[in-house]
Trainee: 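The structure that follows is given in the form of structure tokens.
None of these values were measured; they are calculated from a predicted model. Chain identifiers are assigned alphabetically (A, B, ...) following the order of the sequence lines, protein sequences preceding nucleic acid strands; residue numbering begins at 1 within each chain. Below, all heavy atoms of this structure are taken into account, side chains as well, without hydrogens, waters or symmetry copies.
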Amino acid sequence: MMFGPHDTDSPNSAEMMHWKIKLKSNDELRRRFIDMTVEQAHSWGLTIPDSQLKFNEKTRSWETGEIDWDEFKRVINGGGPCNHERMEARRNAHENGQWVRDAVRTFEEKQRIKKTAAA
Amino acid sequence: MNEINTNDSAREITFNDRIANGDTVEPNDWMPEKYRRQLIRLISQHAHSEIIGMLPEGNWITRAPSLRRKVALLAKVQDEAGHGHYLYSAAETLGISREEMYDQLLQGKAKYSSIFNYPTH
């Protein structure tokens, strides 16, 4: 799911590829990642938890079971196991860091006044 | 108004030619508004992912088995913050403020990599 929705379901892909902002499609990037990672995991003796995973001799590529796109949509829309926790951590960090940003601004302002007075 | 439109479409043709020729585009070059918006969306999304990505990695600092490994992991987490800052700076050159991008994240309007919404422990 790291590489976003299916190419047929990716709202920005066509425009991004037209402008060459994006050079490879989501599905193509996902396929390359899986091919690379499966080999790596196997070389370390790990098993990928996908009972439908198999190597296609013809395409020389790994095929996986169907991705749960409902889960994907649920997670990007805030319903994953840690969405709330992650955002809460960022919000706290942002609020607790307000005094630092204020201090930087005050320091900059003081430096500016000093500089103007000296000029 | 018509003149502006004509100018813009002429500029867009030149711009598309540059893209087709594989030219690079600098922040101060003329670019279609939609192109600028897509870049800001992409770069800020990447920046947010770096910053949010620090959280699941950070969970492992207390569990790293030795002081040396804790220091190594701390440095790795700090690297992610660095990547985030570079990316926010790059997006700022395209005409958006860091505060605005951060607000979009905190209000849930901007996305980040969905994999970071899974626990790593």
Trainee: Tell me, out of H18(A), R101(A), M16(A), who's got the most heavy-atom pairs with chain B below 4.5 Å.
Mentor: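 Answer, by heavy-atom pair count under 4.5 Å with chain B: M16(A).
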
Trainee: Relative to chain B, which of H84(A), H94(A), K22(A) shows the most heavy atom pairs under 4.5 Å?
Mentor: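 Option with the top pair count is H94(A).
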
Trainee: Please classify the contact between L105(B) and chain A as side chain, backbone, both or neither, with a heavy-atom cut-off of under 4.5 Å.
Mentor: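 Both the backbone and the side chain of L105(B) come within 4.5 Å of chain A.
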
Trainee: For the interface with chain B, which of R91(A), E85(A), R90(A), E15(A) has the highest count of heavy-atom pairs at distances below 4.5 Å?
Mentor: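 Going by pairs under 4.5 Å, I would pick R90(A).
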
Trainee: Going by heavy atoms in the side chains, are Y118(B) and V75(A) under 4.5 Å from each other?
Mentor: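 Y118(B) vs V75(A): side chains touch.
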
Trainee: For W44(A) and E39(A), indicate whether the former's side chain and the latter's backbone hold a donor-acceptor pair under 3.5 Å.
Mentor: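 Such a contact is absent between W44(A) side chain and E39(A) backbone.
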
Trainee: Go through the steps for H6(A) and I67(A) under the test side chain to side chain contact (heavy atoms under 4.5 Å, CB included), then give the verdict.
Mentor: CA-CA 10 Å; H6(A) 251 316; I67(A) 293 171; over 6 Å; no

Trainee: Is it the backbone or the side chain of I19(B) that comes under 4.5 Å from a heavy atom of chain A, or both, or neither?
Mentor: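 Contact with chain A involves both backbone and side-chain atoms of I19(B).
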
Trainee: Could you state the interatomic distance from CZ (R36(B)) to CG (L94(B)), rounded to the nearest 0.5 Å?
Mentor: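 If we round to the nearest 0.5 Å, R36(B):CZ and L94(B):CG are 6.0 Å apart.
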
Trainee: Chain A heavy atoms under 4.5 Å from P56(B): which part of the residue, side chain, backbone, both or neither?
Mentor: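 Backbone plus side chain of P56(B), per the 4.5 Å heavy-atom cut-off to chain A.
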
Trainee: Carefully, step by step, assess S89(B) and R98(B) under the rule side chain to side chain contact (heavy atoms under 4.5 Å, CB included).
Mentor: CA-CA 8 Å; S89(B) 296; R98(B) 195 171 289 228; 3.0 Å; yes

